[in-house]
Structures are given as C-alpha cells and as structure tokens.
Amino acid sequence: MESKMEKRETWMKKREYFLAVAGNVVGLGNVWRFPYLCYKNGGGVFLFPYLIFAVLCGLPLFLLETVIGIGYSINVIQVYATIYILILAWALLYLISSFRGTLPWATCSNPWNTDRCVELTSANWTALHNGNLTANWTSGNLTKSSVSEFWERGVLSMSGGIDEIGTVKWELLLCLLACWVACYFCIWKGVRSTGKVVYVTAVFPYVMLVILLVRGLTLPGAWQGVVYYLYPEPSRLADLQVWMEAGTQVLFSYGVGAGTLTTLGSYNKFKNNCYRDSLWLCLLNSCTSFIAGFAVFSALGFMAQAQGIPINMVVDSGPGLAFIAFPQAAAMMPLPQLWAACFFIMLILLGLDTTFTGLETITSSVIDLFPETMRRPWRREILLLLLCSVCFILHILLTTQGGIYLFQLIDYYGASGACITCVSLVQCVAVGWVFGAERMCDAVEEMTGQRPWLLFKLCWCCFTPLICMVGFIGSFVDYQPLTFGNYVYPDWSYYLGWAIALSSIIVIPIWAIGKICLTKGSLRQRLLVLCHPDSDHVGPKTNKENLLSETEIIPMSAPLPGML
C-alpha cells in the first residue's frame, strides 16, 4: 500500500513558485479596484494609509501565511470565492465579441438594444461635448449608452431582481464551462502542470498591461486622467472610511486570509527563503497596483475629454468599470478590436491563476487530510474533476437572468472583508501569543538563515491583530445593506447573506469547542494542552513539520517546524 502512495510534490524550479504566487496575488483588484479607490478617497493621499497598512498588516500576514498550515475556515471562504470564475466567463464572452467586424457594444443595431440606446459615434460625441446629450445620458432617464445596454441586456439579460431567476444565458453558460475546463487542466497534475502554466498566466498580463499603458498615455486627455488619479486631497485623511478601504484593499490584493499563499508555499523546500520571497512579492504587488492606475486613468481621461464630462461621471467601481468603462474607451480608439482583445485577454489571464490556485487550496487540503487514500495514482485528478463538476453545476444559477444579483450577494458576504479580517486576526493571535512570535522568528531563521526584522515580531504580537480587530469591528459599525444600482434586495436575501458570512467565521469557535470537549482532563488542563505545542514538536530545531493554529487545522506539510 505504501509503495503506491505518491510523495508530496515540490516546485521543480524556484521561479515557478514565484510566478505562481505573483499570478495569484496580482489580479483584477490591482488593475481596477486600487486606482478606483485612489480617485475616490483623495487621489494620491490614499497611498499614505495604503502603505501603512501594507507594512503593518499585509507584509507580516503574507510571510505568516507562507509558513503555516491551512484549515477549514479558509476553505469555506475559498468555496465561496469560486464564484469569481464568472468574471472570466464574462471576459471570455467579451473577447469573442471583440473579433467581430463592428464591436457589438458600439452600436444600437443589435437585438438586445432599446429605443433609449445611444451609439458610440463621432456625431454623438460632438453632441455630448456641446452639452446636448450629456444631461440625458448621465441621468439615465431618456438615453442609455450602447455599452451599458450590451452589458446589462446583451451579456447579463438582467431580470427584475434576485427572486426572478429567469432563463439561462446559454452563451454565458458555454463560456463558464470553457473556463472550468481550463482551470481543471491548469492544475490537474498538481505543481507539475501549474508550474508550466504560470509562465503564461503570470507573465503575459504584464505584457498586455505595458501595451495598454503605453497606448493610454499617448491618448488625448490622458494627462487629465493621470492628474485626477494622483491629485491629493489631504483633508480626506480625517475620514475613517478612507482608512477602512485602504486596509481592506491591502488584505484583498495581498491575498491573505484565502489560503492560497499557504498552499503554494507548502510546495517549497524546507530551506526556501520565504522571507526574501515575501518581501519581493509584496513589493511587486503594490507596484503593479500603482502602475496600473496610470493605464486605467489615462484611458478614462481620454473618455472624459471625448465626452466633454468630468471623470467622476465616467468611472464606476466593480464589474461596471471593467465591462463598461474600458470597452467604451476601446470602441473610441483606432483599431478598437485590437485594444479590446488585449484588455480582455489580460483580464482572463489575471483571473485564471487566481481561480485555479483557489481550487488548488481546496484540493490540497483534502489530499493532505487523507494522504494514504488520496496520494495514489489518479485520485487527485478524480477529486478535482468532481470538485469542478459540482461547482460548475452550482454556478449555472449565476448564468441566469437573475444570476448577477446572486453573484453580488455572495461577493458582498461570502468573501467579505469581515471574514478575511476575522481569519487574519485569529491567525495573528494564535501565532503571536499562543505559538509565540519569538518561536516563529526562530523557525523562519532556521529555514532561511535570516532572522525577521523586529517589526515582524511586533506586528504579529500587537500591530496586526489590533488593526484587524479594529477593521473587523468597523466593518459592522459601518455596515451598509447591499444594493445593486437602484435595486434594493428583499429582506430574506440579507438573512441569507449573513448566514453565508458567518458560515466561515463560525467554524473557528466550533472547532475550538470540539477540541476542548474531546480532550481529557479538567477545563484548565485542556486549555493548557490545546494552547501549547505538542511535546513531540517543542521547538524549531526538532523537526520539519508544519505549524497549525486554532484557525488552521488541516496539515499541509508546510515548511515550518512545530505544531500546535
């Protein structure tokens, strides 16, 4: 039986790990959400709280998750995060449409268009510039852009609300199936296949980003957009919301609390310098976000000048920014098919590696939980096939006319900032106070030959858990019920949303209570046993097994000694 078991894989080359993590953490949030938050929260002054949270929260948590184990709470979050593959399906549908002779979102001669539609023609832009159409278009009362109608009626076929599921959009369903098939074959052989795929999925988006950046900066009106992106408003630093959004952006863009960093790091060799890797990857992530802002806002400045309206009337956050604003900008440029194709190829590749690393997290957790059963020939491939098939069947609901409302609900509650902040908080408490920050520094030093800066120890013990606690409390104090444009969700959907949000958080106390009940001795003895390392794994010099915290309960064979 043992001879048939396969050993746990490791990365063939160091650069494969680096590219895999880079592809995982650099995604749509870096390219679109960060620039949007900059202009929304005071321009360049937003960089100040962002950098503070990056140093005190993002970097310490990034290194922490690279060297610890993974658990059920994070896996629940990852299950909800699989819905983001729908963004890839949208992008694929747009990419296919980009190869038509005339971009379908640039005209009003399509079956889905209404009498309110306004085409993207030079005559309309002249009228807009002269003020003849601006009021009607921007108010949305009399006219609607052809780009918006393609998104809302052509791609989504939106129904009246979440309780009106409607019919399946078959073109979108086929795109979703293609995306799931691609994700499956990207990781079906483990790191052997993933290590080769990331050469394309992680590198090519940067090529596309450079092309779009150069093109954007050469457009008329680009400088107007860059100034709007970076112009600081120091008074906004007094707004608590600015700090909250900066902290949330760091957690999302650095990929902490999602388990993917732990999964990818667990395939490294014991002596891999994860300390140095974390520093460079965090720097790469933040620099990508900053540079992407120039590509985004140069295009938005061009659009604002062409339409004769302020930039804040052009841009919007979320899916609308990626699937309305840029397609509209591409349609206004020479060779629109080329720029649209470049953008959506970049979008697909940015999301693809983030999606398949999330699937790898779930798959690896199950395999490491049952190694004798699952580390045999073809067990991994069958497990992954079942996982992808079940997720695809469940996601069929998202391709219906009411699917966008369900997508927004799961996005808002399932993988929300509150869930990730809670997991990050408990991780820091478990490592900083239970396992011990000093022992963690000893372990990192044994692996890498470098002792982490004192700042890391202070962050694991004090700064990071304090910031996460404030952020977790603030997410409830500043809670706003979910809306979608002018649509207000019914009451039952909010109850469902909170059930989704709590399903990942509640795993932590349930597991803790279960361990207390199953451990022998008095209550005090049980707590002492559960809050101290196993006697067989006392310190970093004894073995090379992985660290498990109260939130991280599935062994991942991560390269860190000691076990809670």
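All residue numbers refer to positions in the sequence shown, counting from 1.
Atoms OH and CD1, on Y413 and I500 in that order, are 9.5 Å from each other to the nearest 0.5 Å. Taking SG from C419 and CD1 from I77, the interatomic distance works out to 5.5 Å, rounded to the nearest 0.5 Å. In this structure, CE in M158 is found 13.0 Å from NZ in K169, a value given to the nearest 0.5 Å. Here F343 contributes atom CZ and L338 contributes atom CG; the two are 14.0 Å apart, rounded to the nearest 0.5 Å. Considering CG of L398 and CD1 of I410, their distance stands at 6.0 Å, rounded to 0.5 Å. The distance from atom CZ of F185 to atom OG of S193, rounded to the nearest 0.5 Å, is 10.5 Å.
Using cut-offs of 30° and 60° on the angle between ring planes, the pair W453 and F456 is tilted. Using a 30° and 60° split on the angle between ring planes, Y94 and F323 fall in the tilted class, from 30° to 60°.
If you look at F484 and Y489, their ring centroids are not closer than 6.0 Å. Ring-centre distance between W90 and F407: below the 6.0 Å cut-off.
The closest side-chain heavy-atom distance from V226 to W223 is below 4.5 Å. P334 places a side-chain heavy atom less than 4.5 Å from the side chain of R215. For the pair Q305/P220, a side-chain contact is recorded, criterion being any heavy-atom separation below 4.5 Å from C-beta on. Looking at heavy atoms from C-beta onward, C175 lies in side-chain contact with I96 at the 4.5 angstrom threshold. Taking the side chain as every heavy atom from C-beta outward, T114 and R153 approach each other to under 4.5 Å. Two residues are said to be in side-chain contact when any heavy atoms from C-beta on lie closer than 4.5 Å; L455 and L56 meet this criterion. Considering only heavy atoms from C-beta on, L352 comes within 4.5 Å of C183 through its side chain. Counting heavy atoms from C-beta outward, Q427 and I74 have side chains that approach closer than 4.5 Å.
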Could you walk me through whether Q224 and F302 pass the side-chain contact (heavy atoms from CB on, under 4.5 Å) test, one step at a time? CA-CA 8 Å; Q224 174 188 351; F302 163 68; over 6 Å; no
Are L61 and C428 close enough, and set up right, to give a side-chain contact (heavy atoms from CB on, under 4.5 Å), and what steps lead you there? CA-CA 8 Å; L61 285 170; C428 286; 3.5 Å; yes
Pair L173, T399 - check side-chain contact (heavy atoms from CB on, under 4.5 Å), show working. CA-CA 6 Å; L173 180 64; T399 65; 3.9 Å; yes
Audit row: L261, N24, side-chain contact (heavy atoms from CB on, under 4.5 Å) steps and yes/no: CA-CA 8 Å; L261 298 176; N24 170 59; 4.3 Å; yes
Show your working on side-chain hydrogen bond (donor to acceptor under 3.5 Å, both in side chains) between S145 and S148 and close with a plain yes or no. CA-CA 5 Å; S145 71; S148 297; 2.9 Å; yes
When you look at F326 and F344, which way does the ring-ring contact (aromatic ring centres under 6.0 Å, His included) test go after all the steps? CA-CA 10 Å; F326 197 90; F344 288 111; 7.5 Å; no
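None of L156, T107, V155 except one satisfies the side-chain contact (heavy atoms from CB on, under 4.5 Å) rule with F150; the exception is V155. Checking each of T66, D277, T448 against N272 for a side chain to side chain donor-acceptor pair (under 3.5 Å) leaves exactly one that passes, namely D277. Of the candidates L86, L92, I85, I85 is the only one forming a side-chain contact (heavy atoms from CB on, under 4.5 Å) with L88.
Counting all heavy atoms, side chain and backbone alike, V147 lies closest to P327 at CG1-CB, 4.2 Å. A91 and L347 make their closest contact through CB-CD2, 3.8 Å (heavy atoms, listed as atom of the first residue, atom of the second, distance). The shortest heavy-atom contact between L359 and C388 is CD1-SG, 4.1 Å. E16 approaches G195 most closely through the heavy-atom pair CG-O, 3.4 Å. Between C57 and I467, the closest heavy-atom pair is SG-CG2, 3.6 Å. Shown here for N41 and R236, the closest heavy-atom pair between the two residues is OD1-NH2, 3.6 Å.
A donor-acceptor pair under 3.5 Å is formed between the side chain of Q78 and the backbone N or O of A258. Proximity of a side-chain donor or acceptor of N268 to a complementary backbone N or O of W11 within less than 3.5 Å is not detected. With hydrogens and angles ignored, the 3.5 Å screen pairs no side-chain donor or acceptor of T421 with any backbone N or O of C468. Checking side-chain atoms of N110 against main-chain N and O of N113 turns up no donor-acceptor pair under 3.5 Å. Remark: side-chain polar atoms of K196 are not paired, donor with acceptor, to backbone N or O of C186 under 3.5 angstrom. Between the side chain of Q337 and the backbone N or O of R100 there is at least one donor-acceptor pair closer than 3.5 Å. Proximity of a side-chain donor or acceptor of T262 to a complementary backbone N or O of E65 within less than 3.5 Å is detected. For the pair S289 (side chain) and F34 (backbone), a donor-acceptor distance under 3.5 Å is absent. Not one N or O on the side chain of W105 forms a donor-acceptor pair closer than 3.5 Å with the backbone of W151. Within the 3.5 Å criterion, the main-chain N or O of L237 finds a donor-acceptor partner in the side chain of W243.
On the SG-SG cut-off of under 2.5 Å, C117 and C108 qualify.
In this model, no donor atom of one side chain and acceptor atom of the other lie less than 3.5 Å apart for Y267 and T194. In summary, the side chains of Y206 and T288 do present a donor paired with an acceptor at a separation below 3.5 Å, with no hydrogens or angles considered. Checked by atom type, the side-chain pair Q241/E245 shows a donor-acceptor distance below 3.5 Å. A donor atom on one side chain and an acceptor atom on the other are found under 3.5 Å apart for N30 and N285. Y254 and S286 share a donor-acceptor pair across their side chains, judged by distance under 3.5 Å alone. For the residue pair T357 and T260, no side-chain donor N or O sits within less than 3.5 Å of a side-chain acceptor on the partner. No hydrogens or angles considered: a donor-acceptor pair under 3.5 Å links the side chains of D411 and Y84.
The 12-atom threshold is not exceeded at OH of Y231, counting heavy atoms of other residues, nucleotides or ligands nearer than 6.0 Å. The neighbour count for Y184 OH, taken as heavy atoms of other residues, nucleotides or ligands under 6.0 Å away, is above 12.
Salt bridge R116/E149: absent, no basic N to carboxylate O contact under 4.0 Å.
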